[in-house]
Structures are given as structure tokens and as C-alpha cells.
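A short write-up of the structure that comes next.
Numbers restart at 1 for each chain; the letters A, B, ... are given by sequence-line order, proteins then strands.
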2 protein chains.
Amino acid sequence: MPTCFIDFLSALIVLSGMLENTPYHHGHLRQSLIDEGLKALEQSGLESLSLRALAESLGVSKTAPYRHFATKRDLLTVLAAEGYQLFADKLEEWEKELINIKGKERLNRIYKVYGEFALGNPELYRLMFSRLGNSLHSERCRINAQRSFAVLIRLAEGMLDSQKDPRSLVLSLYANLHGWAMILLDDIIPPDVGVNSENWQEFALKPELY
Amino acid sequence: MPTCFIDFLSALIVLSGMLENTPYHHGHLRQSLIDEGLKALEQSGLESLSLRALAESLGVSKTAPYRHFATKRDLLTVLAAEGYQLFADKLEEWEKELINIKGKERLNRIYKVYGEFALGNPELYRLMFSRLGNSLHSERCRINAQRSFAVLIRLAEGMLDSQKDPRSLVLSLYANLHGWAMILLDDIIPPDVGVNSENWQEFALKPELY
DNA sequence: TATCAATGTAGGCACTGCCAACAAATAATT
DNA sequence: AATTATTTGTTGGCAGTGCCTACATTGATA
């Protein structure tokens, strides 16, 4: 069955729900839970995301979500997978833009791009890189996490003069990127140091200091 | 009133509680909540720490803790403050040990020591550097966080050749340390990369690669 | 000795995740 | 086309949570 036809039927269902009283079957519940979940996540934070509230805001009974996700954690895992996919897509996109940029400037751009994702999707990023979200037993999470990591490796290799094992470099880079992301997201630096989400890049990368 | 006398009275109260049935007043509730809270935190994790369970395990009613902590968050803030103090103490202690160690070896030791704390107190570390715990409006948290940061600055200055602003170096170092801590605590690296809490230091610091 | 503030208890409210039993609508089978 | 089975909803309920109000007990204070 073609997708556009499904969309058409769905539209009919949605319309009929708006005219008559809401139908017994939602029709889109699984996807709606994901969409609304991502929205609620970013708006209200991970801590206060609840299946019941989600269900209510979709006009559906409190236990309806359990027909699609066995536990709340399963929903969160899917949300994280969504995030990992988005992240990998973004990274591959940015990789193309950086193809002709070398050396220190490349490093600067990587920081910029990584920070943009983390600070642009703070709650999603936090979920992805938490015990809740990093569930690598989830196929989708694992695959897309590896895609992201592969991009980082390729980006790092482009900066590596020697033919050494790039793992050390990419892991150092990764720790730095993730460290900065968490530091900025969770406001860890004492305020008198004068670092914030605007100027952090001035401090982030000073390899000549080592 | 001397401390030892208070301790003696407390011991009496505890003893009487063991002989007769538990007395109406606990006597040590605030401190017991902190101690038991730290224990439960490390044993069962931050997510499943509950005031009610804590109260029950101390043989006290479910609302008794609210006589000492207005909200659950307030208890967590105190636990975090406890962590920050412990952290600062450890760092200052280690600073003395590193006083005659210079250059790259010093850097290695800093990584070792920082990792030991984070991996040795995983739940406490996570609490301290989360939105819940990093409450810098708490005097004790702020003061001890600054103490820790000050140690890091001094340690970094000892490695700095030039007379430049040490903030960049210390912030890079900090991002790296915290990044590695979170990466190891939350199992973020894809397993096929082959990094774990045993061998991470082999990868952590390769400044010559930059 | 009477009073009072500190520190405990009991009951309850609103919320949560999730389980079991039942109902409706859609898909599959005869 | 009629019947059956499966999917996807609903209601009610359980145990757990943070935290509020009202009340009880106690040691310190006047």
C-alpha cells in the first residue's frame, strides 16, 4: 500500500475525529507517542516526562501507550534511537562540508558543529548519553551510534599526520566534545570563571598549550 | 556542650531504642538521613532513591524527613555538597603527592586520580555533576566546587610553560576529565572500540597527536 | 511548673508506572 | 458473507512516590 494512501486515510481518521467524537481507535498512536514524546522531552525535560500525561495530551486512555511500548523505558529507548539517527545524519551532512577544510580550522568547526547539536537539543542529547538512553542492546541505537562514531573517526583521521592508530585521537576528541557538552548543559563551571554557552569555544581548543 | 557528651547521650538514646521499643524521637535523624542516603545512593542508584524508603529503613515515619529537609531535592543537594567536599579534600590531598612530579607524568597522574574518584563513587559523581546536584546556589556546593577547581588550576599551572591565561588549559583539561568520567560511567563508547574502565588511560592522553 | 518550639506520627491527595479484565474495531479464515 | 482471531483501545485497581495538613510527644525555656 503506498504511503500517500496511508497518509490520506490517516487524514480522514483525524478529520472524522475532529467532527464526530473521537473514534475508538487512534490510528497513529505509536508514531504520535514518539512525536509528542520528543516534543514534551525538549519542552518539559526528561524528569517530568510521563506516559500518562502523554496519553492524556493525545486524547487517549492512560494505558493505551502500553499497547505499543511494554515499558516507559522502551519509549525512551526509541526516543534515544530517534536522537542517534538525527545525530548521525547531521554528522554525515557536516562531514561533507568539512571535506576541504584541514588542520586547526577543521577542529574548530567540529567543535562548533558538535556543540550546536548538543546545545540545540539539550534534553535529547542528555537522554541519548545517559544510562536510560544509551541502551546499546537497541539495534537502532547501536547502529546509529556507530555511524556517528565512524564519522568522528574519519574526521579525526583527516587531521592525523602520522599513520598511528587513530583511536587515541578520536577518543580524546570525543571525551573533549562530550565533556564540553555536559559541562555546558549542566552548568558545571563555577560562574566566576566566566565561561558560558556563547564563549566556550574560545577556551575549548588550545592545542598549542599542551 | 562538648561533642563527646552529645555522642554519649546519642549512644544512650540508640541503646534505649534497641532495648525498649523505639523512642518517639530519633535523635540523629538529619545526619542519619545523610549517611543512609549516601549509602542508598551508591547501592541502588539515584533514580531509585526515595525519601519514604529512606525513612522506613531508619524506622521512622514517612513524613519525618520533612522536619529536616523541605523537599527531596534539598536532601540531594546536601548529599551533593557532601560529595563536593569529599572531592575537594581528595584533590588537595593528591595535590601534595604530585608536588614533585612534572610534565607528562603529572598529567597522567591527574587522570588516574580523577578517574579513581569518579569510578569509585559513580552515583555520587553523577549526582554532583547533574542538574539535581550541581546547585551552585548551595553555599557548600559552591565553595567546595571552587576549591576543587582551584586545585585543578594549580595543577595545570604547574604544567604550563608560558605565562598565558591558564583558563584555557584548565578548561580543556576539565572537559577531558569530565568527558572521560561520563563516558566510562555511562558506557557510551561502542563496544567494538575496545575501551573500558581498565584500559581507558592508554587512550586518554596522547598530547603528541595534536 | 506551665509554655512552647522542635520533632515526631497519621491520614490523605495527586501523581506515577504498570497489571488484569473487558470492549470495540479491524484483519484473517472459512 | 459470516465467523473468528488479533490488534488496539477502555476501565478499575495496586503499589509506589513527593508532599500537605492536622495532631502527638518530647525536651528546652520562661
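- For the pair A:D74 CG and C:dC18 C1', the computed distance is 12 Å after rounding to whole Å.
- At its two ends the helix from C:dT1-D:dA30 to C:dT30-D:dA1 runs along axes set 10° apart, each axis drawn from five pairs and the angle rounded to 10°.
- A:F117 is linked by a ring pair (Phe, Tyr, Trp, His ring centres under 6.0 Å) to A:F87, counting only residues two or more places apart in sequence or in another chain.
- Rounded to a whole Å, the CD atom of B:E47 is 19 Å from the P atom of D:dG16.
- In this structure, A:W200 and A:W180 have tilted ring planes: the angle between them lies in the 30° to 60° band.
- With sequence neighbours excluded, no residue forms a salt bridge (Lys or Arg N to Asp or Glu O under 4.0 Å) with B:E198.
- Computed from coordinates, the A:L29 CG to C:dA24 P distance equals 19 Å when rounded to whole Å.
- No more than 12 heavy atoms of other residues, nucleotides or ligands shown are found within 6.0 angstrom of CD1 on A:I99.
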Polar atom pairs (N or O), protein with nucleotides 17-21 of chain D, under 3.5 Å:
| from | atom 1 | to | atom 2 | distance (Å) |
| --- | --- | --- | --- | --- |
| D:dT17 | OP1 | B:S50 | OG | 2.9 |
| D:dG18 | OP1 | B:L51 | N | 2.9 |
| D:dG18 | OP2 | B:L51 | N | 3.4 |
| D:dG18 | OP2 | B:R52 | N | 3.2 |
| D:dG18 | N7 | B:R52 | NH1 | 2.6 |
| D:dG18 | O6 | B:R52 | NH1 | 2.9 |
| D:dC19 | OP2 | B:Y66 | OH | 3.4 |
| D:dC19 | OP2 | B:K72 | N | 2.7 |
| D:dC19 | N4 | B:R52 | NH1 | 2.9 |

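- Counting only residues at least two apart or on different chains, no salt bridge (Lys or Arg N to Asp or Glu O under 4.0 Å) pair has a member in residues 170-184 of chain A.
- Here B:R131 pairs with A:E47, A:E123 under the side-chain hydrogen bond (donor to acceptor under 3.5 Å, both in side chains) rule; sequence neighbours left out.
- In this model, the phosphate group of D:dG9 is approached by a side-chain N or O of A:H68 to a distance below 4.0 Å at OP1 or OP2.
- Between A:R30 atom CZ and D:dT7 atom P the separation is 15 Å, expressed in whole Å.
- Residues satisfying the side-chain hydrogen bond (donor to acceptor under 3.5 Å, both in side chains) test with B:Y114, not counting sequence neighbours, are B:Y125.
- We find that CG of B:L58 is positioned 11 Å from P of C:dT9, with the value rounded to whole Å.
- Residues meeting the side-chain hydrogen bond (donor to acceptor under 3.5 Å, both in side chains) test with B:D192, sequence neighbours left out: A:Q146.
- The distance from atom CD of A:Q31 to atom P of D:dT8 is 14 Å, rounded to the nearest whole Å.
- One interatomic measurement links the two molecules: CD of B:E56 to P of C:dA10, which rounds to 12 Å at whole-angstrom precision.
- With sequence neighbours excluded, no residue forms a side-chain hydrogen bond (donor to acceptor under 3.5 Å, both in side chains) with A:E56.
- Rounding to whole angstrom units, CZ of residue B:F69 and P of C:dT7 are separated by 12 Å.
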